[in-house]
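Reviewing the structure listed below.
Quick note on labels: first sequence line is chain A, next is B, and so on, each numbered from 1.
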2 protein chains.
Amino acid sequence: MWMAELASRSGLSVATVKYYLREGLLPSGTATGATRAAYDETHVRRLRLIRALTDVAGLRLESVRQVLDGIEAADSWHDAVGAAHTRLGTAESTPPTPGSLARVDDMLEAQGWQLAPGHPQAAALAHALDVLDDVGHPISDEMLFLYAHALRPIVMREVASVHLDERGELIDADVEAAVIGTVLQEPVLLSIRRIAQENVSRKLTEGT
Amino acid sequence: MWMAELASRSGLSVATVKYYLREGLLPSGTATGATRAAYDETHVRRLRLIRALTDVAGLRLESVRQVLDGIEAADSWHDAVGAAHTRLGTAESTPPTPGSLARVDDMLEAQGWQLAPGHPQAAALAHALDVLDDVGHPISDEMLFLYAHALRPIVMREVASVHLDERGELIDADVEAAVIGTVLQEPVLLSIRRIAQENVSRKLTEGT
DNA sequence: CTCCTTAGATAGTTCTACTCTCCAATATTG
DNA sequence: CAATATTGGAGAGTAGAACTATCTAAGGAG
């Protein structure tokens with residue numbers, strides 16, 4: 001397909017698609033002459049992924065590029081998700097305090113989880129704990145434990161379902177799927193939590 | 001305290017604080033003359049809340065203002081959280097499809113939850129489901145149920161802890177606390193999920 | 001042969017969130 | 001009381017992100 005069709009299939013303007021090409025977010029099509037290039041389904045899929053990452057996950061294009069680069073380089077689900085996670089943190093200005101890092105370590109140990117020291121997600125979690133402290137509403141260790149405990153079955157099911165999807169070797173589409181699933185399911189999780197909060201709190205309020 | 005102290009206490013520049021005043025995010029201090037106004041702890045707290053909402057929750061200032069307005073108007077935890085949630089959705093361009101709305105309704109019913117039809121969070125969830133469909137990785141009803149089920153104990157504990165904080169009537173600080181807690185705990189939840197994913201997936205990979 | 005589309009490059013626009021500069025009116029300090 | 005500093009208030013300016021528009025030369029379609 002040509003540029004015009006690619007643009008309409010992805011719901012973007014030609015100018016925007018060109019912009020993504022320039023920015024290296026979308027690989028160029030196969031040139032069939034000096035003024036023509038052919039695009040295929042992978043390009044459509046890539047564009048949809050880009051928009052999902054920006055619109056839903058709220059990533060900036062710079063982060064999207066890093067995630068995409070990470071996907072290219074990864075050769076396992078674990079690598080791909082790790083690469084994506086590495087780029088997802090909201091570029092922390094302040095480094096986490098040793099105290100909150102220690103709390104994160106404790107939680108990891110309690111769950112039997114291991115993470116390389118200095119791992120970005122550990123730092124991101126520690127930073128989040130610091131922010132809650134700063135604002136005057138620290139989170140308790142008990143709550144942290146509860147979070148980890150409750151998320152366990154969710155994550156096991158998520159990981160299992162991805163591994164069911166693939167047959168033997170990981171192909172590009174699967175790695176992409178892993179990242180999409182991981183990132184785009186986050187809003188689902190948060191939405192359900194919000195809905196649950198409103199219900200639980202209303203029930204308590206009514207009960208009074 | 002005067003402007004200079006307010007700025008340094010909140011870690012912002014005088015110019016930025018003035019900007020927030022102009023934008024109506026921060027109520028003006030009590031004027032003690034034509035060129036002087038006194039600020040207090042509520043102003044410091046408000047500034048910290050604003051920064052937490054922008055930096056951590058990633059809200060734009062326009063959304064922050066709406067959340068703050070919602071807090072002002074609310075007279076219960078339930079109202080305040082509802083008001084905050086209303087403004088949190090990533091302004092969806094496309095309305096959700098009837099199909100996904102129906103799936104959300106089913107999930108609500110299965111959980112015994114009630115939400116007014118057309119409630120923003122229901123729409124946001126439906127929209128998230130649509131996006132996953134569009135990208136070619138729909139989420140199963142089973143997974144939805146699992147999410148809701150796993151989040152139950154978390155939410156019950158969260159709501160309970162807020163209600164323990166207050167004594168009788170809700171005061172401003174408590175309502176603020178509810179919103180802070182709800183919004184700023186989201187990154188904690190997501191971070192733990194990411195950490196868990198990496199661990200679970202690595203264990204599976206190693207097991208192979 | 002004529003008109004349309006495209007690749008590729010450059011420049012311009014819009015939006016957000018500040019940041020800077022002024023000014024006149026005070027406060028503060030010596 | 002005089003010199004200096006600070007403030008409130010308002011407007012203009014800036015930087016970055018994400019487009020959007022325009023232009024040119026080269027093909028391609030009918």
Side-chain angles (χ1 to χ4, degrees), chain A residues 1-40 43-44 46-68 87-88 90-91 93, chain B residues 1-40 43-44 46-68 87-88 90-91 93:
Chain A
M1 79 188 77
W2 310 123
M3 171 58 76
E5 189 180 345
L6 175 63
S8 78
R9 286 273 312 272
S10 59
L12 301 170
S13 71
V14 170
T16 303
V17 175
K18 281 182 166 190
Y19 171 63
Y20 289 164
L21 279 169
R22 273 200 306 273
E23 293 297 307
L25 296 171
L26 182 71
S28 22
T30 52
T32 66
T35 67
R36 212 133 263 239
Y39 305 93
D40 58 27
H43 293 90
V44 177
R46 170 58 60 94
L47 285 175
R48 275 206 265 260
L49 175 56
I50 292 171
R51 296 309 297 204
L53 288 174
T54 55
D55 295 349
V56 181
L59 297 192
R60 283 166 300 139
L61 293 187
E62 174 58 26
S63 305
V64 171
R65 181 178 29 242
Q66 293 182 347
V67 170
L68 295 176
R87 329 293 169 165
L88 283 179
T90 325
S93 36
Chain B
M1 80 188 75
W2 310 122
M3 170 58 76
E5 189 180 346
L6 175 62
S8 78
R9 286 273 313 271
S10 60
L12 300 170
S13 71
V14 171
T16 302
V17 175
K18 281 181 165 190
Y19 172 63
Y20 289 164
L21 279 169
R22 250 179 301 165
E23 293 296 307
L25 297 171
L26 182 71
S28 21
T30 53
T32 67
T35 66
R36 213 132 262 238
Y39 304 92
D40 57 26
H43 293 89
V44 178
R46 169 59 59 95
L47 286 174
R48 275 207 265 263
L49 175 56
I50 293 170
R51 296 310 296 205
L53 288 174
T54 56
D55 296 350
V56 181
L59 296 192
R60 282 167 303 140
L61 292 187
E62 174 57 28
S63 305
V64 171
R65 182 179 28 243
Q66 293 182 347
V67 170
L68 295 175
R87 329 292 170 167
L88 283 179
T90 324
S93 36

Taking heavy atoms of chain A and a 4.0 Å limit, find me the 5'-most and 3'-most nucleotide of DNA chain D within that range.
dA18(D) to dG28(D)
Going by the salt bridge (charged side-chain N to carboxylate O under 4.0 Å, His left out) test, which pairs reach into residues 5-14 of chain B, not counting sequence neighbours?
R9(B)-E41(B)
Within this structure, what is the CD-CG distance for the pair E62(A) and L25(A), rounded to the nearest 0.5 Å?
9.0 Å
Straight-line distance of R46(A) CZ to L6(A) CG, nearest 0.5 Å:
12.0 Å
Assign [X] to base, sugar-phosphate, or nothing according to its heavy-atom contacts below 4.0 angstrom with the strands shown.
| X | value |
| --- | --- |
| A37(B) | sugar-phosphate |
| S63(A) | nothing |
| A4(B) | sugar-phosphate |

Residues 20-33 of chain B vs side chain to side chain donor-acceptor pair (under 3.5 Å), sequence neighbours excluded, gives Y20(B)-R51(B)
Using nucleotides 15-17 of chain C, report all nitrogen or oxygen pairs with the protein that are shorter than 3.5 Å.
| unit_1 | atom_1 | unit_2 | atom_2 | d |
| --- | --- | --- | --- | --- |
| dA17(C) | OP1 | L61(B) | N | 3.1 |
| dA17(C) | OP2 | L61(B) | N | 3.4 |

Starting at the 5' end of DNA chain D and moving along, which residue's nearest nucleotide shows up first, R36(A) or W2(B)?
W2(B)
Kindly calculate the angle separating the two end axes of the helix from dC1(C)-dG30(D) to dG30(C)-dC1(D), each obtained from five base pairs, and round it to 10 degrees.
0°
At under 4.0 Å between heavy atoms, which parts of nucleotides 20-25 of chain C does protein reach? Answer with one letter per nucleotide, 5' to 3': B base, S sugar-phosphate only, - none.
-----B
